[in-house]
Novice: 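Quick one: the structure is below, questions incoming.
Please read these numbers as outputs of a predicted model, since none were measured by experiment. Every number for a ligand or one of its atoms is a count from 1 in the order of the listing.
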Amino acid sequence: MALEQYQREFIEFLISQEILSFGSFTLKSGRISPYFLNTGKFSTGESLSKIGKYYAKTIESYSHELAYDGIFGPAYKAIPLISSTVIALSDVFKKNIPYSFNRKEIKDHGEGGNIVGASLSGKILIIDDVITAGTSIRESFEIISKHGAKVSSVLIAVDRQEKGTGHKSAVQQIESDFGVPVKAIVNLDQIIEYIEEKGDYDEHLIKMKEYKALYGV
Ligand SMILES: O=P(O)(O)OC[C@H]1O[C@H](OP(=O)(O)OP(=O)(O)O)[C@H](O)[C@@H]1O
């Protein structure tokens, strides 16, 4: 898919926040990647406000595919992400969307339970930063169905579009296992397109293309 202006700005934003870096990084999978994403680096009100707007804008761009009544974010990193997304949906798009997240540790006093926020019902959009092996998203599917709701779609920040253990990427595997769309604000192809457009990251461009040829789907 061609790179849209908000996606170009999102990639620039990731680079400016040092969330997206280029170089040589050894991943948990053992692969040597020419780029790395560290979403744990969103750490100021301004950056959080911006990320929420990018998620919200993406939800709106895919509104025909992402039908949802509520938004769920798996603990921990997705909690501020969904918070800023629902604020942006309210402020920018005038949509008042219920949200909830899980506790990693079950609370046995006070209100108890392991869901915080809106009770899960209807169609749920899961938002997270990335899908690596898919463990966190699979757990979210379980939590949501256990509470009687249904996952309708998933949205992440960046889709690395690389093979897992088989031919499919983790994102494709989730799509085929659960039959729901998984969208991303940007994907690897779009990051490559951005670098190509900029024209001043030639060395990275070669490495990114080599990586895609080796591991891409
Ligand atoms: O697809 P996976 O292999 O599950 O990897 C992706 C997940 O891992 C990270 O969170 P983590 O589980 O480390 O928890 P955190 O949000 O508390 O850091 C990340 O924020 C995703 O939720």
Novice: Applying the side chain to side chain contact (heavy atoms under 4.5 Å, CB included) criterion to Val130, which one of Asp159, Val171, Leu37 satisfies it?
Specialist: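 The residue from Asp159, Val171, Leu37 that satisfies side chain to side chain contact (heavy atoms under 4.5 Å, CB included) with Val130 turns out to be Leu37.
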Novice: Does some side-chain heavy atom of Asp129 sit less than 4.5 Å from a side-chain heavy atom of Ile156?
Specialist: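 The answer is no, as the side chains (C-beta and beyond) never meet within the 4.5 Å cut-off.
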Novice: Which atoms of ligand 1 sit under 4.0 Å from any heavy atom of Val130?
Specialist: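 The list of qualifying atoms is 6 (C), 21 (C).
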Novice: Please identify which atoms of ligand 1 are closer than 4.0 Å to at least one heavy atom of Ile131.
Specialist: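 Once the distances to Ile131 are compared, the set is 1 (O).
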Novice: Below 4.0 Å, non-hydrogen atoms only: which portion of Thr135 touches ligand 1? Side chain, backbone, both or neither.
Specialist: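 Answer for Thr135: both.
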Novice: Do Phe101 and Phe72 make the cut of ring centroids closer than 6.0 angstrom?
Specialist: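 No, they do not, as the ring centres are separated by 6.0 Å or more.
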Novice: Can you classify the ring geometry of Phe13 versus Phe10 as parallel (below 30°), tilted (30 to 60°) or perpendicular (above 60°)?
Specialist: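 Rings of Phe13 and Phe10: tilted, 30 to 60°.
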Novice: Please indicate, with yes or no, if any protein heavy atom is found under 4.0 Å from atom 15 (P) of ligand 1?
Specialist: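 There is a protein heavy atom less than 4.0 Å from atom 15 (P) of ligand 1.
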Novice: I'd like to know if the side chain of Glu12 pairs up with that of Tyr194 as donor and acceptor (distance under 3.5 Å, no hydrogens or angles considered).
Specialist: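 Side chains of Glu12 and Tyr194: pair found under 3.5 Å.
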Novice: For Ser136, take its heavy atoms, then give the atoms of ligand 1 lying under 4.0 Å from any of them.
Specialist: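 In order of numbering, the contacting atoms are 4 (O), 7 (C), 22 (O).
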Novice: Start with the C-alpha gap between Lys95 and Glu60, add the side-chain angles, then the distance that decides, and say whether salt bridge (charged side-chain N to carboxylate O under 4.0 Å, His left out) holds.
Specialist: CA-CA 10 Å; Lys95 291 189 173 167; Glu60 287 297 301; 2.8 Å; yes
Novice: What atoms in ligand 1 come closer than 4.0 Å to a heavy atom of Lys104?
Specialist: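 Listed by number with element, the hits are 14 (O), 15 (P), 17 (O).
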Novice: Of all the non-hydrogen atoms in the protein, which one sits nearest to atom 18 (O) of ligand 1, and at what distance?
Specialist: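 For this ligand atom, the closest protein heavy atom is Lys77 NZ, 2.6 Å.
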Novice: Who's the nearest protein heavy-atom neighbour of atom 21 (C) of ligand 1, and how far?
Specialist: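 Of the protein heavy atoms, Asp128 OD2, 3.3 Å lies nearest.
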Novice: Is Ile137 close to ligand 1, meaning an N/O of one under 3.5 Å from an N/O of the other?
Specialist: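 No - when backbone and side-chain N and O of Ile137 are compared with those of ligand 1, no distance drops under 3.5 Å.
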Novice: Using distance alone, with no hydrogens and no angle criterion, decide if Ser47 and Thr44 have a side-chain donor and acceptor under 3.5 Å apart.
Specialist: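 There is such a pair (donor and acceptor under 3.5 Å, judged by atom type) between the side chains of Ser47 and Thr44.
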Novice: Please state whether the rings of Tyr35 and Tyr211 are parallel, tilted or perpendicular, taking 30° and 60° as the class boundaries.
Specialist: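 If you compare the ring of Tyr35 with that of Tyr211, the planes turn out perpendicular.
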Novice: Which residue supplies the protein heavy atom nearest to atom 3 (O) of ligand 1, what is that atom called, and how far is it?
Specialist: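 Here the closest protein heavy atom is Ala133 N, 2.8 Å.
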Novice: Ligand 1 and Gly134, any nitrogen or oxygen pair closer than 3.5 angstrom?
Specialist: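 So ligand 1 has an N or O lying under 3.5 Å from an N or O of Gly134.
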Novice: Mind checking whether Leu27 and Arg160 have side chains closer than 4.5 Å, heavy atoms only?
Specialist: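 Sidechains of Arg160 and Leu27: in contact.
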Novice: Does ligand 1 have a heavy atom under 4.0 Å from the side chain of Thr132, from its backbone, from both, or from neither?
Specialist: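 Both the backbone and the side chain of Thr132 come within reach of ligand 1.
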Novice: How close does the nearest protein non-hydrogen atom get to atom 19 (C) of ligand 1, and which residue and atom is it?
Specialist: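 Sorting protein heavy atoms by distance from atom 19 (C) of ligand 1 puts Asp129 OD1, 3.2 Å first.
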